[in-house]
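Order of appearance sets the numbers: ligands from 1, and atoms from 1 within every ligand. Side chains are part of it too, since the values below use all heavy atoms of this structure and drop only hydrogens, waters and symmetry mates.
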Amino acid sequence: CWEPGDAIRCFDKQYEHKGKCCNRCQPGEKLVSECNGTEDSVCTRCESGHYQQSWTKERHCAPHDICDNNAGLILKMQGNTTHNTVCKCQAGMHCSDASCQTCLENQPCQRGFGFAAAKAEAQMSSPCEPCAEGTFSNVSSKTEPCHPWTSCEEKGLVMKAKGTNTSDAICEAGGRSSLSVLIPITAAIVTCLVGLCIYCLVHTDPRRRVQKQIEAGKPREDPEHHPQEVGEDGLPVQETLLGRQPVAQEDGKESRIAEQEKL
Ligand SMILES: *[C@@H]1O[C@H](CO)[C@@H](O)[C@H](O)[C@H]1NC(C)=O
Ligand SMILES: *[C@@H]1O[C@H](CO)[C@@H](O)[C@H](O)[C@H]1NC(C)=O
Ligand SMILES: *[C@@H]1O[C@H](CO)[C@@H](O)[C@H](O)[C@H]1NC(C)=O
Ligand SMILES: *[C@@H]1O[C@H](CO)[C@@H](O)[C@H](O)[C@H]1NC(C)=O
């Protein structure tokens, strides 16, 4: 496409050299010699410890950053031929500026400020954040976040003093609100007691009946053990009715109870 005298136009991944379009070197490579009438551009890989990120006509690759421990930096990601090494600050430090060439030690978060884990992770600034409305920090600490104010209502108390960014809300007992907690609790206890009474009545009633029946019909139910008593009782019809129906199912219990009562 080259026309003498005119500015020539090359493709994105090309550059102009002596009126010719030469190919650029790909990322990870650097230029060794320009193209001419017969030869293409010659490129070569970046040497170790160097990188080159874009399509280039540069003859040099840039050296990787070195993470300087004395500046508080440690390796975050090792570089390769296309990417620079990435450093980060040691734990408990943050970058001194946007370029992050050096790090500063995190200071304790003052009263009214809390530790913010996300800011600490990002390391771009101090990890302390001012306590937002509804939270407080009453200590100077490197780890304590802002804590929400105590909710007096949830505890059934009345707020005596509103919280600030450095102090918790102060609660005090209030007659009306403590009553509003006592009433449902009392109601619950009463309900439980009533339920328990009903349960006891239902489950002990049949046994009591059985026991009464045993007492009434004792002599007749144990004819083998106390044969002489059979003759003494004079109401055979009544005893048959009592003895045959519910009592017959609990033979074992009857005899045990009967024996205990004898003792
Ligand atoms: C083109 O460049 C190559 C090296 O890249 C060189 O050997 C050759 O002589 C050059 N040809 C011309 C015509 O300049
Ligand atoms: C170089 O490292 C980057 C990340 O830093 C990665 O995405 C890329 O694939 C690596 N390239 C090679 C050739 O290893
Ligand atoms: C805490 O509250 C006081 C008074 O409302 C205010 O002056 C101060 O700036 C606040 N501090 C922070 C860290 O938000
Ligand atoms: C900070 O507030 C908490 C909760 O109200 C309290 O238990 C603690 O004693 C306070 N600490 C200081 C140093 O004021």
What does the contact table look like for ligand 3 (nitrogen or oxygen on each side, cut-off under 3.5 Å)?
residue, atom, partner, partner atom, Å
ligand 3, 2 (O), Asn165, OD1, 3.3
ligand 3, 2 (O), Asn165, ND2, 2.4
ligand 3, 11 (N), Asn165, ND2, 2.6
ligand 3, 14 (O), Asn165, ND2, 3.3

Per-pair distances, 0.1 Å, donor-acceptor, side chain in residues 107-116, under 3.5 Å, sequence neighbours excluded:
residue, atom, partner, partner atom, Å
Gln107, NE2, Glu105, O, 3.4
Gln110, NE2, Pro108, O, 3.4
Arg111, NH1, Asn138, O, 3.2

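Looking at Thr82 against ligand 2, only its side chain comes within 4.0 Å, counting heavy atoms.
Hydrophobic side-chain contacts under 4.5 Å tie Met77 into a cluster, directly or through other members, with Val86.
Other residues, nucleotides and ligands contribute over 12 non-hydrogen atoms within 6.0 Å of the CZ atom of Arg59.
Grouping the Ile, Leu, Val, Met, Phe, Trp and Tyr side chains by contacts below 4.5 angstrom, directly or via other members, places Val190 apart from Tyr199.
Salt bridge present: Lys162 and Glu133 bring a charged side-chain N and a carboxylate O closer than 4.0 Å.
For ligand 2, the atoms closer than 4.0 angstrom to any heavy atom of Met77 are 4 (C), 5 (O). The Asp168 neighbourhood of ligand 4 comprises atoms 5 (O), with distances under 4.0 Å to a heavy atom of that residue. Of all the atoms in ligand 4, the ones that sit under 4.0 Å from a non-hydrogen atom of Asn138 are 1 (C), 2 (O), 3 (C), 8 (C), 10 (C), 11 (N), 12 (C), 14 (O).
In this structure, the side chain of Thr82 does not engage the main chain of Pro27 through any donor-acceptor pair within 3.5 Å.
Of all non-hydrogen atoms in Asn36 and Lys20, the two that sit nearest each other are O-CE, 3.2 Å.
Listed by chain and number, the residues in a side chain to side chain donor-acceptor pair (under 3.5 Å) with Asp65 are Asn84 (sequence neighbours excluded).
Backbone and side-chain nitrogen or oxygen atoms of Asn80 are examined, and one is located within less than 3.5 angstrom of a nitrogen or oxygen of ligand 2.
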